[in-house]
Number of protein chains: 2
Amino acid sequence: MSDPLDAIFAALADPTRRAILSMLLEDDMAVTDVAAPFDMSLAAVSKHLVILTRAGLIAQEKRGRVKWCKLDPDAMRRASVWMQGFGQFEPVNLDAFERFLAAELGGEAQKAE
Amino acid sequence: MSDPLDAIFAALADPTRRAILSMLLEDDMAVTDVAAPFDMSLAAVSKHLVILTRAGLIAQEKRGRVKWCKLDPDAMRRASVWMQGFGQFEPVNLDAFERFLAAELGGEAQKAE
DNA sequence: CGGATCGTCAACCGGATGGTTGAATATGCG
DNA sequence: CGCATATTCAACCATCCGGTTGACGATCCG
């Protein structure tokens, strides 16, 4: 797996891991809390977190005996950029993007078109 | 693998399959021609194409004894939309986004910060 | 018809993946 | 100190994955 995209897409291919990422979107969490909603052992979730970390999708920081997990946007961005090359069919003007644009530019921004 | 995203991301996780998609970006191709540049058997490439097809990333159409492969943008777009949900926390740093911003606002845009 | 080309199928193999359990390693706390 | 909590490690297991080879079904063409 030399290409980092291999690890990134492989990490995203598992529904448990995608669910974890969604959870982390709302808040940073400790490993035990990440594992709570899943019907599997803590060790299994811990391994998922290792995979996400190696893919660069999350970062883990140990404070005391608790290891905190937070999203790391870089990897997702790289994957997104790669996919963007195929987006020529339908350019980037997704709803989320436009909403973001509006928020980012604030009220006084004048749209070009 | 009930969630279609499982199949899509799993398909994208393999470098051979991503290379195939890139090739198809330039032109529709027959299976044999898709296989040509790869150092593996035709059967192996054929299996990759099945995986890409099941993921909805490409479509295959048989004309005569030749099976043509073409990109199908829907699946990639679904994956992209899912990922877009993670772009909201630090979007301004994204290279692609900045390019998008620049293109969208044109030359006279003043950056907020 | 009969041979060549296109592509898949089937069986097989080694290695990766996703899960389990139980022991081990920190760290916090009374 | 000594116990509870947080997390990982190690071994193990079943299944999936990516590749191989050889046989097969289809289709074109001389």
Side-chain angles (χ1 to χ4, degrees), chain A residues 1-24 27-70 72 75, chain B residues 1-24 27-70 72 75:
Chain A
M1 287 232 271
S2 70
D3 191 331
L5 286 177
D6 291 8
I8 296 171
F9 283 125
L12 293 176
D14 186 275
T16 301
R17 288 192 289 263
R18 288 200 307 279
I20 290 174
L21 291 173
S22 294
M23 292 163 56
L24 292 179
D27 236 330
D28 299 357
M29 299 177 76
V31 172
T32 304
D33 297 325
V34 169
F38 296 102
D39 189 22
M40 71 181 69
S41 70
L42 179 62
V45 173
S46 178
K47 287 207 270 186
H48 280 302
L49 291 171
V50 168
I51 290 171
L52 288 169
T53 302
R54 282 214 255 261
L57 287 160
I58 69 171
Q60 291 181 288
E61 177 202 358
K62 191 169 173 183
R63 279 207 304 272
R65 61 179 165 174
V66 175
K67 204 167 192 178
W68 292 91
C69 309
K70 59 181 277 254
D72 187 348
Chain B
M1 287 231 273
S2 69
D3 190 330
L5 286 177
D6 291 8
I8 295 172
F9 283 125
L12 292 176
D14 186 275
T16 301
R17 290 193 288 263
R18 288 198 308 279
I20 291 174
L21 292 173
S22 294
M23 291 163 55
L24 293 178
D27 236 330
D28 299 358
M29 297 177 76
V31 174
T32 304
D33 296 326
V34 169
F38 296 103
D39 190 21
M40 69 181 69
S41 70
L42 177 62
V45 173
S46 177
K47 287 207 273 187
H48 281 303
L49 291 171
V50 167
I51 290 171
L52 288 169
T53 302
R54 283 215 253 263
L57 288 161
I58 69 171
Q60 291 182 287
E61 177 201 357
K62 191 170 174 183
R63 280 206 304 270
R65 60 180 165 175
V66 175
K67 205 168 190 177
W68 293 91
C69 308
K70 59 183 276 255
D72 187 348

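The analysis underlying the following values was restricted to heavy atoms, covering all of them including side chains, and did not include hydrogens, waters or symmetry mates. Residue numbers start from 1 in every chain, and the chains themselves are labelled A, B, ... in the order their sequence lines are given, proteins ahead of strands.
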Quick one: is S46(A) getting a side-chain N or O under 4.0 Å of the dT8(D) phosphate, OP1 or OP2?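 So the side-chain polar atoms of S46(A) do come within 4.0 Å of the phosphate oxygens OP1 or OP2 of dT8(D), strictly under.
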Kindly compute the distance separating [atom1] ([X]) from [atom2] ([Y]), expressed to the nearest 0.5 Å.
X      : Y      : atom1 : atom2 : answer
D14(B) : F9(A)  : CG    : CZ    : 12.0 Å
L24(A) : D72(A) : CG    : CG    : 11.5 Å
L21(B) : C69(B) : CG    : SG    : 10.5 Å

Whole-Å gap separating [atom2] ([N]) and [atom1] ([X]):
X      : N       : atom1 : atom2 : answer
K47(A) : dT8(D)  : NZ    : P     : 12 Å
D14(B) : dC17(D) : CG    : C1'   : 9 Å
D6(B)  : dT17(C) : CG    : C1'   : 14 Å
K67(B) : dC9(C)  : NZ    : C1'   : 12 Å
Q60(B) : dG7(C)  : CD    : C1'   : 10 Å
L42(A) : dT8(D)  : CG    : P     : 8 Å
I20(A) : dG19(C) : CD1   : C1'   : 14 Å
W68(A) : dT8(D)  : CH2   : P     : 14 Å

Donor-acceptor list for residues 28-41 of chain A side chains, cut-off 3.5 Å, not counting sequence neighbours:
from: S41(A); atom 1: OG; to: A44(A); atom 2: N; distance (Å): 3.1

Closer to the 5' end of DNA chain C via nearest nucleotide, is it R17(A) or V45(B)?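 Of the two residues, V45(B) wins.
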Return whichever of S41(A) or V31(B) has its heavy-atom-nearest nucleotide of DNA chain C closer to the 5' end.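 So the residue in question is V31(B).
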May I ask you to say whether D3(A) pairs ionically with R18(B), meaning some side-chain N is under 4.0 Å from a carboxylate O?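 Counted as a salt bridge, because a side-chain N and a carboxylate O are separated by less than 4.0 Å.
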Applying a 4.0 Å non-hydrogen cut-off, can you work out what A30(A) is touching in the nucleic acid: base, sugar-phosphate, or nothing?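 Since only primed, P, OP1 and OP2 atoms lie under 4.0 Å of A30(A), the category is sugar-phosphate.
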Non-neighbouring partners of R17(A) that pass salt bridge (Lys or Arg N to Asp or Glu O under 4.0 Å), sequence neighbours left out: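 Applying salt bridge (Lys or Arg N to Asp or Glu O under 4.0 Å) to R17(A) gives none.
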Side chain of M40(B), heavy atoms from C-beta onward: which of dC6(C), dC9(D), dT20(D) has the nearest atom to it?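 Selected nucleotide (nearest to the side chain): dT20(D).
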Considering only heavy atoms, which members of residues 48-57 of chain B lie under 4.0 Å from some atom of DNA chain D?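 Heavy-atom cutoff 4.0 Å gives H48(B), I51(B).
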N/O-N/O pairs, protein side and nucleotides 28-30 of chain C side, under 3.5 Å:
from: dG28(C); atom 1: O4'; to: R65(A); atom 2: NE; distance (Å): 3.4

Could you check whether the side chain of K62(B) and the base of dG7(C) have a donor-acceptor pair of N or O atoms closer than 3.5 Å, going by distance alone?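 Side chain to base: no pair below 3.5 Å.
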Divergence of helical axes at both termini of the helix from dG7(C)-dC24(D) to dG30(C)-dC1(D) - five pairs an end, 10° steps: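 The value is 30°.
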Considering only distance and modelled atom types, tabulate donor-acceptor pairs under 3.5 Å from the side chains of residues 50-62 of chain B, sequence neighbours left out.
from: T53(B); atom 1: OG1; to: L49(B); atom 2: O; distance (Å): 2.7
from: T53(B); atom 1: OG1; to: Q60(B); atom 2: OE1; distance (Å): 3.0
from: E61(B); atom 1: OE1; to: R63(B); atom 2: NH1; distance (Å): 3.4

